[in-house]
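Read through the structure below, which is laid out as structure tokens, and then see the notes.
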Amino acid sequence: VSQSRYLRAESNVTLSTTGIVQQLFENINISSTALTGTIDLDILSGTLFYYTADASANWTFNIRGNSATTLNSILPIGKSVTVTVLSAQGSTARYASTFKIDGSTIVPKWQGGTAPSSGYASSINIYTYVIVKTADATFTVFGSLTKFS
């Protein structure tokens, strides 16, 4: 008889040797809110965000732990986190025009060398940001934008 077992880790789990993961699920934050203005992405609730309503204007992403916790306080130096945002687009494409961490503007290094100046209409735009902490409150960000339709 097969039984499902669940382990809830309230702190970090570190493997110092090779391990095998049978299955892994990731939290996704789904919102029917249209992207516009400044969007706080609270990564303590997960690093994958899906905005299902068509974006209504260009927007700014602000990455943080949550409203009471900075990313700087939870991400160790020499570690990274990947944040992915799925953005529905209508017939008028919008895009992420600014990127912030803990309220401070960071200019990502973009795949292909050029920051997006528009989104892709009538599709799902997927932004992926790899955030590398190089020193206290110092981050290097690598960004990409991909069209799915």
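As the structure is a computational prediction, the values presented were derived from the model and not from experiment.
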Legend entry - Verdict with supporting geometry, T47 and T82, side-chain contact (heavy atoms from CB on, under 4.5 Å): CA-CA 7 Å; T47 58; T82 301; over 6 Å; no
Heavy atoms only: give me the nearest [X]-[Y] pair and the separation to one decimal.
| X | Y | value |
| --- | --- | --- |
| A53 | S32 | CB-O, 3.1 Å |
| D54 | Q89 | OD1-C, 3.6 Å |
| N27 | S45 | CB-O, 3.5 Å |
| P108 | F99 | CG-CB, 3.9 Å |
| T36 | S56 | CB-OG, 3.4 Å |
| S122 | S149 | O-CB, 4.2 Å |

Give, for atom [atom1] of [X] and atom [atom2] of [Y], the distance between the pair rounded to the nearest 0.5 Å.
| X | Y | atom1 | atom2 | result |
| --- | --- | --- | --- | --- |
| D102 | N62 | CG | CG | 7.0 Å |
| K100 | L71 | NZ | CG | 15.0 Å |
| S80 | I131 | OG | CD1 | 9.0 Å |
| Y50 | N29 | OH | CG | 14.0 Å |
| T98 | W59 | OG1 | CH2 | 11.5 Å |

Inset, instruction - Indicate whether any N or O donor in one side chain lies under 3.5 Å from an N or O acceptor in the other, for S123 and N125. - result: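 Yes, N125 and S123 have a side-chain donor paired with an acceptor closer than 3.5 Å.
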Can you hop from [X] to [Y] via hydrophobic side chains spaced under 4.5 Å?
| X | Y | value |
| --- | --- | --- |
| W110 | F139 | yes |
| F148 | L86 | yes |
| L35 | I126 | no |
| I63 | I77 | no |
| I106 | I74 | yes |

Does any N or O in the side chain of [X] come within less than 3.5 Å of the main-chain N or O of [Y], such that one atom is a donor and the other an acceptor?
| X | Y | value |
| --- | --- | --- |
| N58 | R94 | no |
| N66 | A68 | yes |
| S73 | T70 | yes |
| K79 | K133 | no |
| Y95 | P116 | no |
| T52 | S31 | yes |

Legend entry - Check: F61 and V83 side chains under 4.5 Å, non-hydrogen atoms: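 Counting from C-beta outward, V83 and F61 never come under 4.5 Å.
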Inset, instruction - Assess whether side-chain contact (heavy atoms from CB on, under 4.5 Å) is satisfied between I101 and V141, documenting all intermediate values. - result: CA-CA 10 Å; I101 295 176; V141 179; 3.9 Å; yes
Inset, instruction - Go through R64 and L41 one step at a time and tell me if the side-chain contact (heavy atoms from CB on, under 4.5 Å) criterion holds. - result: CA-CA 6 Å; R64 61 189 191 176; L41 300 176; over 6 Å; no
Legend entry - Contacts of T84 that satisfy side chain to side chain donor-acceptor pair (under 3.5 Å) - sequence neighbours left out: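 For T84, no residue satisfies side chain to side chain donor-acceptor pair (under 3.5 Å) once neighbours in sequence are set aside.
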